[in-house]
Amino acid sequence: MTKKKNSIPKYNFRSIEKKWQKQWEEKGVYRPDPDKAKRPFYNLMMFPYPSAEGLHVGNTYAFTGADVYGRFKKLQGFDVFEPIGLDGFGIHSENYAMKIGEHIKDVSKRSEKNFYRQLHEIGNMYDWSRTVETYKPEYYKWTQWLFLQMFKSDLAYQKKAKVNWCPLCKTVLSDEQVIAGECERCDSTVEKKELKQWFFSITKYADKLLKNLDWIDWPSDVKTNQKNWIGKSVGAEVYFEIKKSGEKISVFTTRPDTLFGATYLVVAPEHSLLKSEKSKIKNQKEVFGYVERALKKTEQQRKNEEKVKTGVELKGVNAINPVNGEEIPVWVADYVLAEYGTGAIMAVPAHDERDFEFAKKFGLSIRQVVAPFYKVKGKDVVKNGKLWTRRNIVNVVVKHWKDDKYLMINRKGQEGETFVLGSAKDGEDFVKVAQREVREETGYKNLIFKKQLGGKFVQTFYANHKGVSRFGVNNSFYFELKNGAMEKMSEKEQAKHEVMWVSKKDVSRKLKIENHIKTWNRFLGKENENCFVGEGVSVNSEYLNDLKTADAKKEIIGRLTKKKQGKKTVDFKLRDWCISRQRYWGPPIPVVHCKGCALKKEKIKVLLVHGFGVGGDSNWFGWMKKELKKIGCEVFSPSLPKSNDPSLSWWLSELKKYSSKLDEKSLIISHSLGSRAVAHLLAGSKNRIGKWISVAGAFGDEERKDRGKNFEKFVSKKIEWKKVDEKIDQVHFVLSKDDRWIDTKHHEKIKLSNQINTVWEGYSHFAKKKYPHLRDYIVDALFEDVEPIAVPVSEKDLPVKLPPMEDFLPEGKGKGPLAKNEKFVNTKCPVCGGQGERETDVSDPFVDSSWYFFRYLSTEFHDKVFDKKRTKKWLPVDSYIGGKEHTVLHLLYSRFVTMVLNDLGYIDFDEPYKRFFGHGLITKDGAKMSKSKGNVINPDDMIKKYGADSMRLYLRFLGDFSQGGCWRDSGIEGMSRFVNRMWKVFYEIQGEGKGVKIMSMTDKTIKVVEEDLEKLSFNTAVARIMEFVNWAKENKTDFDKVQAVKVKESLAFIISPFAPHVAEEFWSQLSHKRSIFESLWPKFDPKNVFDEQIEIVVQVNGKVRDRLIISRDVTEDEVRVAVLESEKVQKYVGDKKVKKLIYISGRLMSVVV
RNA sequence: GCCUCGGUGGCGGAAUUGGUAGACGCGCUGGACUCAAAAUCCAGUAAUGGCAACAUUGUGAGAGUUCGAGUCUCUCCCGAGGCACCA
């Protein structure tokens, strides 16, 4: 059998792809040395959330796209690090597990395996020795570490807050996860719930997050998204005094220049003024009824009722405008939000649409304080903020007494017709001026005033006859004539103007002057200037008059600040980041709630009062004192005078020294006769005291009277229990049945309102040195009212492992499933060692993903979050590619975390990503792919059918990477054909031809593909490659030996980022031993990029008429000659004169005739 | 309502940033090979008119700037994404 020479092997993608994937992994081609790499390049892509359904084609699209870029960088000689991991914690995964009734742990295990298999098969250059999974303790140990750093830097805090609660997911959502009042995930209506939550103070970094956007290399739309989210607005706080109360109410405004136009105030339904001024409100029923209804509204209702403004006036409450002392009404309305600004606004209806609508609805006054400003032909006649010469101008529209015609005049010697106009002095009645002007210029005298046409507007103009720049403050009026009666006019006056009546239609045509066009438009109702929100020139504002908005703002803020009536402020829309999640599948927040520590912090004072015949440290007192000091109490245990013959008054005067130090949180412990003394002490005490624990208290009157006169007096004095009751919150009477001195019956007779009788056995009269049981009892009583404080778990105890739990379902009561796990909850306090309770919330999965890129390079270190040196070497990330849907949340959070780590000195940069690129979405049949629509493409099927290379190529080709595109089955079909064609062409080129004359194609292609790759313009790069293959095919038999190698090597290179397996196969066919990805991208020869012959387009009057093929280095003169000689040009030029010749070098010549 | 990005053949999409509109691919039409089909190969393919060379029109609509506009300016229409009573 003779083997056919140079037979073409079949393109068997299955075996090729497997072969190369295996070799890459074995040889570690994609494992850069993290410490020694010379040209590090961190090519990051957003790690996926591993759904159980497996990799989505959308993921494939994103990942292979990022990989193309990474491979290109590798070919350029960079040590590219391209890691992958799984963002597996979170509600997504948990909900899915719940749905299919399996445990989340099992589901995750399976998903991980499946995902990693798929991620291998797409042929990316991942470094598989460094993966990161957020749900593994090795990882979340450091997520918890991050929380601790936040906690220590006062950036993590707990707060009771109204939060977004999703009733279906049974957890809290961040503002970012609420889309138009609905849960991002399950679309149920989000409720407001008051819960204690953990927050990160991202707002402390608002300014920096915003500022850095100025210089980071990100697409502008991503930047604007972030800018809007941060929502900085610069403005002022202005303080309004409430009349007859002295209380000041602060409002926030971005337009302090409109202060003179503030005609009322509005407060949010939550505003404190409603409480503080409650007594003054005359219509309380109405007001508080409204407030109650407003507060009950859900987000959904607010959304539905959007823009229908409601509100109630607080009758009897008036505010005083600080700039003019004017009294203005105060309203409550839910269009004012409590969370933004100060929860109160000054309403300027003339210049704010919401206020305008509100004022119109409730008949509140509207005052114009800003006039729109029109510049005439770019001439700005403002100097030092002031306009030059000012004129009040009156424009007058006059309607005929019978016809629908309007009065116009034509000034002799001037072009065009105008309405009657004149100027007025300040303070003059403009209506009268208008009438006067009409009379003087036209003679008509019976004018009826109809209305003013809109507010003032300002316009600059050049007063020709005076030779100065002026600005006019225009006022437009509309009059009707009662009849044609006229005044006699002098001939001189008559000669000045020609008067005419013009129909509505013609008026528009005749008007030439801007202010009259404006006037006319207002008359026609085309221009609504009642509410003007733009910037302009201040009017009706005393000292602000004639100032442009920007200057007026500065002026008013200056004045307010001086008089302490306001100040410049900045407000943000950004809120703190709520990280608590009441779910199971997340990293437990590493905090213990400890009462012991809270107690220590509070330094509770305890007074020990001993009994008959002993001292302050007798019996168990000395020991108890130590015990109480241990838990942080301040203990007094005085030895009372002459305890063998005790006088009540002596004892009391001694005790009073201490009782004056006690307060409502303090505790008194007394024994035996001491209790009796305490009862008297309390009865006569001025201050209230928290608790009293009386042990074996001697309150009876039948006790032994044979101990002396003083003692007798002591026990016979009656106790005023009623008074005692008023001074004490809680009383414990601790007794022992076998006490031979004390009868328990005495205690039963005492009936205090908060009295607890505790009777034990075997303690006799409590005269021993130690009673641990009593101590515990006392400590419990102390702890009862103490709010525990949050104590961080110590770093060496991390991770706080998520305990295995069979039942991980949320209950929806505001606490997470971990709360059900007593073994988890009960723990030792890391600070005091006492009994503590673990926090049962887990943290938001966005915390996991806010720092993962720090971890990849340090996965082998278990004693530090990351290696400083490596981080310095590789970060910030060189290229970050991911979905646009994360442009607000994830990117903002990770920027925040980076800034914090920078401030804490862990890193020396404050932005995590040098370059971010947001890719588009991939759709099917014009719709998003989703399981419910049944239009999901599974990458597994495609790889099986066409191979990873064809799929990778097709995904690059179907559209611009940043725009996304539409998946079509016929498209990948075509791409598969192309790959086969290319395969064949590669083998068909034998290099046995005579040589091809023009070889510029190779260099040109390398150049353009290189440029496209750098721009991530993958679709055009693929098109270029196709052109190259078409060209190679056309010339396949003509290449000589040298040319053949060049063409084949070039092909291997340009295809390699897209179809790495095929490229590698080509490369090895060319007898290379090492991977193509270990060699360098070919350099094109600039000389070869240009063709010898170029084509010059010839246009006549902008239309293409001819093309000249000409040598590359022609001069302009030579082109000109050739062009003018061209027959086709001659035909179009004819005998017309050639006006001009425009030459674009090497491209085009345009003949203008 | 506001902000951002888009609107180009039958379809996905190109166009050096003001300089040949429709690269490249899909689809379609015709042809070759085949008994036939698939695959493959060759040719054509914006519209209109013409046998043809060629001419005219043409980048959502209208206007403008320019020798020349898909690209710049203004007005409007449509679509996508984001924000939404943020003072």
Side-chain angles (χ1 to χ4, degrees), chain A residues 179-181 219-229 231-233 235-236 251-256 258 266 268 302-303 305-309 333-337 339-348 351-355 357-358 533 571-574 884-885 887-888 918 920-921 923 926 953-954 957-960 962-975 977-978 980-981 984 1008 1011 1017 1019-1030 1033 1095-1107 1128 1138-1144 1147-1153:
Chain A
I179 315 287
S220 59
D221 55 331
V222 177
K223 286 192 191 183
T224 25
N225 270 183
Q226 292 218 353
K227 249 178 220 169
N228 291 342
W229 191 262
K232 180 179 180 170
S233 51
V251 304
F252 176 71
T253 176
T254 54
R255 289 294 299 271
T258 61
V266 190
R302 275 203 171 192
K303 191 188 150 204
E305 290 171 20
E306 188 188 340
K307 290 206 169 134
V308 183
K309 300 226 170 2
D334 67 358
Y335 82 91
V336 172
L337 306 173
E339 314 91 62
Y340 190 74
T342 59
I345 60 156
M346 64 180 213
V348 186
H351 305 289
D352 181 282
E353 272 169 45
R354 292 152 302 177
D355 298 342
E357 200 189 320
F358 193 78
V533 297
D571 222 313
F572 293 95
K573 277 206 282 186
L574 186 71
K884 284 182 177 164
E885 67 274 22
T887 51
V888 176
L921 277 181
T923 58
L953 270 162
Y954 175 59
F957 188 59
L958 56 64
D960 186 283
S962 69
Q963 307 266 302
C966 188
W967 175 282
R968 285 169 335 132
D969 292 334
S970 61
I972 188 163
E973 211 53 79
M975 187 54 75
R977 250 179 274 161
F978 165 74
N980 274 291
R981 206 155 55 226
K984 246 168 83 187
V1008 177
E1011 286 164 1
S1017 178
N1019 51 340
T1020 54
V1022 174
R1024 300 289 177 191
I1025 294 168
M1026 285 172 166
E1027 282 179 90
F1028 181 76
V1029 170
N1030 290 345
K1033 191 180 168 189
E1095 191 183 70
I1096 292 204
V1097 173
V1098 184
Q1099 294 183 335
V1100 178
N1101 280 351
K1103 291 208 165 158
V1104 181
R1105 294 303 181 192
D1106 200 5
R1107 278 142 220 229
K1128 285 178 185 163
V1138 176
K1139 259 196 210 160
K1140 220 200 235 169
L1141 282 171
I1142 294 151
Y1143 181 60
I1144 308 292
R1147 237 179 239 301
L1148 167 143
M1149 177 159 276
S1150 187
V1151 184
V1152 186
V1153 295

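Here the structure is a predicted model, which means the values were calculated and not measured. Side-chain atoms are counted along with the backbone in the values below, which use heavy atoms only and exclude waters and symmetry mates. So you know, we letter chains A, B, ... as the sequences are listed, proteins then strands, and number each from 1.
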Can you check whether [X] has a side-chain N or O nearer than 4.0 Å to OP1 or OP2 of [N]?
X	N	answer
A:N1019	B:A14	yes
A:N228	B:A84	no
A:S233	B:A87	yes
A:R977	B:G27	yes
A:K573	B:C85	no
A:K984	B:C41	no

Distance between the [atom1] atoms of [N] and [M], in whole angstroms?
N	M	atom1	result
B:U65	B:A80	P	35 Å
B:A14	B:G6	P	11 Å
B:G10	B:C2	C1'	38 Å
B:U66	B:G27	P	47 Å
B:C28	B:A39	P	10 Å
B:G70	B:A23	C1'	15 Å
B:U71	B:G64	C1'	15 Å
B:U56	B:G50	C1'	12 Å

Between [N] atom [atom2] and [X] atom [atom1], what is the distance in whole Å?
X	N	atom1	atom2	value
A:F1028	B:G25	CZ	P	15 Å
A:L958	B:A14	CG	P	11 Å
A:W229	B:U4	CH2	C1'	16 Å
A:N980	B:C41	CG	P	10 Å
A:F978	B:G27	CZ	C1'	19 Å
A:R1024	B:A14	CZ	P	12 Å
A:E885	B:U4	CD	P	22 Å
A:K884	B:G82	NZ	C1'	12 Å

Got [X] and [Y] here, is their nearest side-chain heavy-atom distance under 4.5 Å?
X	Y	result
A:K1033	A:R981	yes
A:V1152	A:N1101	yes
A:K884	A:D221	yes

field: Qualifying residues under side chain to side chain contact (heavy atoms under 4.5 Å, CB included), relative to A:D352, sequence neighbours excluded
entry: A:R354, A:D355
From [X] [atom1] over to [Y] [atom2], what is the distance, rounded to the nearest 0.5 angstrom?
X	Y	atom1	atom2	value
A:T1020	A:E1027	OG1	CD	10.5 Å
A:D334	A:K309	CG	NZ	9.0 Å
A:T253	A:D571	OG1	CG	11.5 Å

Report which part of the nucleic acid [X] touches: base, sugar-phosphate, or nothing (heavy-atom distance under 4.0 Å, all strands).
X	result
A:G974	sugar-phosphate
A:Q1099	base
A:K223	nothing
A:N1030	sugar-phosphate
A:L1148	base
A:K1103	sugar-phosphate

- prompt: A:Y954 side chain to A:R968 main-chain N or O, any donor-acceptor pair under 3.5 Å?
  reply: yes
message: Quick check against the 3.5 Å criterion: does A:K1140 have a side-chain atom that pairs as donor or acceptor with the backbone of A:S1150?
response: no
- prompt: Do A:R1147 and B:U16 have a side chain to base donor-acceptor pair shorter than 3.5 Å?
  reply: yes
message: I'd like to know if A:S970 reaches the base of B:C26 with its side chain, counting only an N/O donor and acceptor under 3.5 Å.
response: no
Could you please name the option among [options] that lies closest to any side-chain atom of [X]?
X	options	result
A:V1104	B:A87, B:U20, B:G25	B:U20
A:V336	B:C83, B:C41, B:A87	B:A87
A:I1144	B:G19, B:U20, B:U4	B:G19
A:R968	B:C26, B:U20, B:A55	B:C26
A:I1142	B:C24, B:G19, B:C5	B:G19
A:F957	B:A87, B:A23, B:G25	B:G25
A:R1105	B:C24, B:U56, B:U4	B:U56

Pair A:Q1099-A:V1104, side chain to side chain contact (heavy atoms under 4.5 Å, CB included): steps then yes or no: CA-CA 4 Å; A:Q1099 294 183 335; A:V1104 181; 4.2 Å; yes
field: Chi class for B:U29: syn within 90° of 0, otherwise anti
entry: anti
message: Could you check B:G58 for me: syn (within 90° of 0) or anti?
response: anti
query: For RNA chain B, which consecutive runs of 3 or more Watson-Crick or G-U pairs (each distance under 3.5 Å) count as stems?
result: B:1-7 with B:77-83, B:10-12 with B:24-26, B:27-32 with B:40-45, B:46-49 with B:54-57, B:60-64 with B:72-76
statement: Of A:G1102 and A:E973, the one whose closest nucleotide on RNA chain B sits nearer the 5' end is A:E973
- line: When A:M346 and A:D960 are each assigned the nearest nucleotide of RNA chain B, the 5'-most assignment goes to A:D960
message: Quick check on A:E353: does its CD atom have over 12 non-hydrogen neighbours (other residues, nucleotides or ligands) under 6.0 Å away?
response: no
